[in-house]
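Chain naming here is simple, since letters A, B, ... match the order of the sequence lines and numbering starts at 1 in each.
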2 protein chains.
Amino acid sequence: MHENCRLESVKNNGNSKPEVEEVDRNHVLSERKRREKINERFTILGSLVPSGGKVDKVSILDHTIEYLRELERRIEELESHKEAAELGSSTQSKPLDAIERTSDNYGPSKNGSTKKPSINKRKASEMEKTGGESTRSRLRDSSTDNVTITIADNDVSIEMRCSWRECVLLEVMEAISKLHLNTQSVQSSIDDGILSMTIKAKCKGLKTASASVIRQALQRVVRKS
Amino acid sequence: MHENCRLESVKNNGNSKPEVEEVDRNHVLSERKRREKINERFTILGSLVPSGGKVDKVSILDHTIEYLRELERRIEELESHKEAAELGSSTQSKPLDAIERTSDNYGPSKNGSTKKPSINKRKASEMEKTGGESTRSRLRDSSTDNVTITIADNDVSIEMRCSWRECVLLEVMEAISKLHLNTQSVQSSIDDGILSMTIKAKCKGLKTASASVIRQALQRVVRKS
DNA sequence: ATCAACACGTGATCC
DNA sequence: TGGATCACGTGTTGA
């Protein structure tokens, strides 16, 4: 890739053959389409991930990465618990175990391996260094305490507090609505800049909404702006 | 969005001020940096999600989205199991006690266990803005519509009742927000299909919407679908 | 006025 | 030859 031989492009006289014109019309067009496609995904991702208010691309990617790792961590943890529980009364749960091979593929990922047949692959996060105290296992931010979710049957009770911000209540309710919950009652008040609310809702459809998902969604709204 | 009439390209000779050169050198440089930052995240993401061999940006984003949803689904499921296990201390008799549960295959969407994930393939449209929810409710029970507005200084008190409809509360609050009112407190409940609410708000700006304007806006929300 | 983030059009490269 | 993807430099816009 040597560069720098480029001067002003030839914008010139429409005299030359229209072929060129046509072809790069298409070019510019498809590129535009590609861009908007990418941006669409970015928007989706940003709405899917606890990106605290930040919407720029790098932040979205960063938060996505972090969130992904956290989710995997939690899954691993939950599964180990589940296994421990399943394995009968074996009193001890295994402390920690690398369940799977940690294949690190990084960088120029040009593996010609796994073809397209069913995606049966799962990636591990990066290696956990041996030794070294890298466990920030409890990655809970302090705002966790602000949201309390109680679920009984189809009834969901949400109790939360957060510092007030304009439209925050509206956004909370939008979030709830998007979770397929029908709001049944609301009580909210502002005290000393702190918004407190209690919301009761019912599951709209058969879709299981919940628990942590709700909490995360709400925290996403609350968490910074 | 018309634009033109801007042809300000003074191609200055390097004579006058080097600052120009400097400044957009910086520009191109930082942009380059931004790009490589983004690409770095893309690489990481691509190594973190089960991307079936595809490494192009759109695919990475797509797979990330899909994977993220799957992880959340999975967590949800595991947590519900965990809750069930915790609460029900009764013997969880597993029909089979095959211990060979070592390997994990969380494959993509191949679980047939007690759950029917309604898979939505691709095609996630955007969200944003208000409005879009099309809920067909053709009932216009105007007899129950009742809106009372009280304005004192900057304080607006809204008391209204209407027949309940999905998202109606949300839309009411959106309408209020659009009227430049800051919602201070909300009380709402549903009784026998009738939604009653009391909302107190403060005028955001200096412009105070008149009571009739507010009332009309709210009534429009109530009887529109 | 500096900085950061973005979208755009364009040339290059790879099936 | 053509469609798709990328990196690049640039113009623009908000803080």
List, with names and distances, any nitrogen or oxygen atoms from the protein found under 3.5 Å away from nitrogen or oxygen atoms belonging to nucleotides 5-7 of chain C.
residue	atom	partner	partner atom	Å
C:dC6	OP1	A:K57	N	2.9
C:dC6	OP2	B:R34	NE	3.4
C:dC6	OP2	B:R34	NH2	3.1
C:dC6	N4	B:E31	OE1	3.1
C:dA7	OP1	A:N39	ND2	3.1
C:dA7	OP2	A:K57	NZ	2.8
C:dA7	N6	B:E31	OE2	3.4

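Here the closest heavy-atom approach between residue B:R165 and residue B:V222 is recorded as NH2-O, 4.1 Å. Scanning all heavy atoms of the two residues, the minimum distance from B:I151 to B:A211 falls at CD1-N, 3.8 Å. Listed here is the closest heavy atom pair of A:E72 and B:L48: OE2-O, 4.1 Å.
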Can you list, pair by pair, the side-chain donor-acceptor contacts under 3.5 Å of residues 28-37 of chain A, counting residues two or more places apart and other chains?
residue	atom	partner	partner atom	Å
A:S30	OG	A:N26	O	3.2
A:S30	OG	A:H27	O	3.1
A:E31	OE2	A:R34	NH1	3.0

message = Set out, in order, the CA-CA distance, both residues' side-chain angles and the distance that settles side chain to side chain donor-acceptor pair (under 3.5 Å) for B:S59 and B:D62, then state yes or no.
response = CA-CA 5 Å; B:S59 299; B:D62 274 340; 5.7 Å; no
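Rounded to a whole Å, the CZ atom of A:R25 is 13 Å from the C1' atom of C:dC8. Rounding to whole angstrom units, CG of residue B:N26 and C1' of C:dA1 are separated by 14 Å. One can place CZ of A:R32 at 9 Å from C1' of C:dG9, the figure rounded to the nearest angstrom. Atoms CD (A:E36) and P (C:dG9) sit 12 Å apart, rounded to a whole Å. Here D:dT5 presents its C1' atom at 14 Å from CG of B:L61, a figure rounded to the nearest Å. Whole-Å rounding puts the B:E22 CD to C:dT2 P distance at 11 Å. Atom CG of A:D24 and atom P of C:dG11 are 7 Å apart (whole Å).
Helical stems in DNA chain C, defined as runs of 3 or more consecutive Watson-Crick or G-U wobble pairs with donor-acceptor distances under 3.5 Å: C:2-15 with D:2-15.
A salt bridge between B:D155 and B:K200 is absent, with no side-chain N of the basic residue lying under 4.0 Å from a carboxylate O of the acidic one. Ionic pairing of A:E79 and A:R74 is not present here: no N-O contact between side-chain nitrogen and carboxylate oxygen is shorter than 4.0 angstrom.
To the nearest 0.5 Å, atoms CD (A:E159) and CG (A:L218) are separated by 12.5 Å.
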